[in-house]
Structures are given as structure tokens and as C-alpha cells.
There are 2 protein chains.
Amino acid sequence: MARNVEFDEQLAVSKAMDVFWKKGYNGTTMRDLTEAMGINSSSLYNTIGDKHELFIRSIKHYTETRMKEALKQLEPIKSPLKAIEKFIQSSVYVITNEPNSCLAIKTTFEVAATDEQVQKIIKADNDFTYNLLNGLVEKAIQKGEITVSQDSAMLTDYIINHFSGWHEFFIIHKDKNRIKNMASFLIKQINQ
Amino acid sequence: MARNVEFDEQLAVSKAMDVFWKKGYNGTTMRDLTEAMGINSSSLYNTIGDKHELFIRSIKHYTETRMKEALKQLEPIKSPLKAIEKFIQSSVYVITNEPNSCLAIKTTFEVAATDEQVQKIIKADNDFTYNLLNGLVEKAIQKGEITVSQDSAMLTDYIINHFSGWHEFFIIHKDKNRIKNMASFLIKQINQ
DNA sequence: CAAATTCTGGAATGGATGTTTCAGATAGTT
DNA sequence: AACTATCTGAAACATCCATTCCAGAATTTG
């Protein structure tokens, strides 16, 4: 019947995501986006939609990519406790080596409180991480690898809760070692 | 020689702060600000300055107010460990009862990475909290109230680090109990 | 190849943005 | 009370914003 869309939508969203990641939702203009995506605004509006819709796609892309990576990384590890430790350690690595801090956390503090659609996506992402980790914590408790607490739900919340502070800390102090020390202490606490 | 400024600058900054607190730096317009402050933009530019300067004043006001409150609250408590526990508990109270989450944290994630002036103010605030708490942790270790670790610096970082995550958690889940449980576990961990 | 359909680029839209201007009001000083 | 410096309010400013329009190009199907 007629011609097809010329640009790769997935790639375009990924480039938009990079801009939002660096500048935040309100700090990003449509010009920033179309420039980075290499497409005209009319094409953008004809395919994906407006700025808000593009942001939704961006954070979905972000969270989905992260979920896949987490699954891939933890799958081969047999000991639940070792998997939990790996999860903590690779979080520390990402926090102290990526140029921007976590897009999901930035988004939570910038817009999640007033944007229901965004909040749902972020919540789904957090619930995913919770379930992934909670599965490991439960097994570790069963196996007797973890004895510090029998309350897996609380312990899961407790572990995940550290990451946000580490991001904040790294933005302000840019000090890897102090974060590594906190992580070591956390692991030591769990290892009881 | 001539007339004086008509408006109360402290009060005006405090009102501006409320707007930035709710909407963030980029989400706030000059019209939002002048409306909330009840003054004309020309008066604002003639006294305080532009939007950025007003933001600087706002976060300074925020951090200074918070510092004073923290000092006042902890002063009468004699046991260092009890003071630390009080600090944690009142953080939980603020996090789960204030309408907006911490302005300093929101600002850190929104603009601190790219705005040096802002970053300095936030860092000074964090350093203040660090020093306040570290003094207590050191004393508690000396007195033998804390035995879980002898590394007061790390332990201070570790305790402070929880607050950011609790804020994030409350925005997403609005669940006070899960936060209280984490706080109780943290206190139990320190109490060794 | 022709027809039909849909995409693209650039310009245009109206409204919002941060900031400045300026005439007139105001209050401290003499 | 008069003078004078400075503040105030409303409007104006240029620029930027997100979004839309449309003519023409491009591509698929018959």
C-alpha cells in the first residue's frame, strides 16, 4: 500500500532515553530529543507520540533492559547467598562506574509523585527486583545460609533499600571506597 | 534617602522553597514563584536575583533549618546510642508523614550532578549530618554501647545511607510499616 | 508503470518561558 | 513640605517551548 517508517523505533527510543537520563524529564526539550534521535518532530509525533509518551517508552525500555540483565547475571549462580552478594556487588559496580545515576531513581524523585503512569512503571520495576531478590533470600534462609533474620520480606526490602543511598552518595562525594565499605558491611551483616 | 524593600525576604524565600520542593527546579516557573511569594518579578530581580539564585537561597534555607532542628532535637539526649536511635526514628517519622520527600535528595538527583554551586550546598549539608552522627557513633563505641563495628566512619555512612531509600520507597509504595520494619532491623543491628 | 498511501522535512503555530523596562508610587532625609 | 533615591506593578521583550500543518518525496501494491 505505501511506504514504511524509515527509522528504527527501538533505537530511537534508546537515544531518547539517554537524553532523559542525563537531563531529567523537565530538563529535556523536544529539540534535545529530535536532535539526539536524528528524526524530525513530525515523524516522532506520527509514530511514538508526544514528549510524555516518549518518556514512558524510555523508562519502560530502561527497566526492561535492566530486568533482563539482572536475570541473566544471577541465573548461573547456584548458592542463593552468593547470588545475593553478586547482586549487591554488581550494583556497587554500576553505581560507581556509570556516568549517570539510575534513571528509575531520578525519575522517582522528579516526577513519580505526581505522574501516576510513571509511578506504575517504576513500581512494577521495583516489585520485579523485590521478587527476584526475595526468592533468593527465602532460599538462603531455608538452606541456613542466612540466619540474621527469618523475615525474608523485611530482609529483601532492607537490602534493596541501600542502593538509592549509594547513588545519592556517589553524586555528592564521588567516593567509591566509602560505598564499597558500606557494601562489605552489609554483606557481612547478612552473612550471619 | 529613599524607601525600603517592602517584602520580608526570609518569608519570601521560604515560600519559594515550598514551590521548588513540590515541583523541582526545572518544573517550577518564575510565575509559580512570584505568585506564591506574592511579589512582582521586578522586585524579585531587584532584590534576590534570578531563578537560579532564588533556588540557591531556597535550598540553603532548607538545609539550615534542618540543621538547627537536628541539633535542638538531639542535644538533650544523654546516651549517644539513644540519640542515634532517636535520629533514625524521627527520620522515619518525617519520611512517612511529610507531603513531599526531602528537598535535598530531590535536588541531588535532579540537578546536583550538573550544578556545582548546588552540589556544594548539598555536600555541606551531608557533611554536617555526617559529623553530627559520627560524634554520637564514636562516643557510643567508646562507651561500649555499640560493638557491631569499631569503624565509626563506616558505620555513620551506613546509617545515614538508609534515609534516601526510605524516601524512594515511600514515594512508590506509600507503606509506613515496611519502612518501620527496616528501621527496627537497622536499630537492632546497631544495638550489638 | 501507475495509483494509492504514508512518511518526511521544514516552516509555522500559539502559548509559555525567564528576564527587562519604565512610569509612577513611596518613603527616608533635609 | 520638598527633594530624591529606590521600590513597585504592569506590560513588554525576545526566545524557547511542545505541537501541528502541509507540500512533496518515497515506497509498496496492483
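All values derive from a computational prediction rather than experimental measurement. Throughout, protein chains are lettered first and strands after them, A, B, ... in sequence-line order, and every chain is numbered starting at 1. Just the heavy atoms: all of them, side chains too, but no hydrogens, waters or symmetry mates, feed the values below.
Nucleotide dG18(C) holds its C1' atom 16 Å from the CD1 atom of Ile48(B), rounded to whole Å. Rounded to whole angstrom, the span from the CE atom of Met37(B) across to the C1' atom of dC7(D) amounts to 15 Å. One can place CG of Asn46(A) at 17 Å from P of dA26(D), the figure rounded to the nearest angstrom. Between the CD atom of Glu9(A) and the P atom of dT8(C) there is a distance of 11 Å, rounded to whole Å. Put simply, CD on Glu35(B) is 15 Å from C1' on dT17(C), counting in whole angstrom units. In this structure, His52(B) places its NE2 atom 17 Å from C1' of dT17(C), rounding to the nearest Å. Following rounding to the nearest Å, Ile39(B) (CD1) and dA10(D) (C1') show an atom-to-atom distance of 15 Å. Rounded to an integer number of Å, the gap from NZ of Lys23(B) to C1' of dA16(C) is 13 Å.
Comparing dT19(C), dG9(C), dT19(D) by their closest approach to the side chain of Asp50(A) singles out dT19(D).
Judged as a side chain to side chain donor-acceptor pair (under 3.5 Å), and not counting sequence neighbours, Lys60(A) has no contacts. A search for salt bridge (charged side-chain N to carboxylate O under 4.0 Å, His left out) contacts involving Lys139(B) returns nothing, not counting sequence neighbours.
Side-chain contact, His52(B) with Asp115(B): a donor N or O sits under 3.5 Å from an acceptor N or O. For the residue pair Thr29(A) and Asp32(A), a side-chain donor N or O sits within less than 3.5 Å of a side-chain acceptor on the partner.
Relative to the ring axis of Phe20(B), Lys51(B) does not place its NZ or CZ within 45° and under 6.0 Å from the centre.
Less than 6.0 angstrom separates the ring centroid of Phe163(B) from the ring centroid of Phe87(B).
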Completion exercise
5' to 3', nucleotides 11-17 of chain D under a 4.0 Å protein heavy-atom cut-off (B base, S sugar-phosphate only, - none) gives -----SS

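Within the 4.0 Å cut-off from OP1 or OP2 of dT20(C), not a single side-chain nitrogen or oxygen of Tyr45(B) is found.
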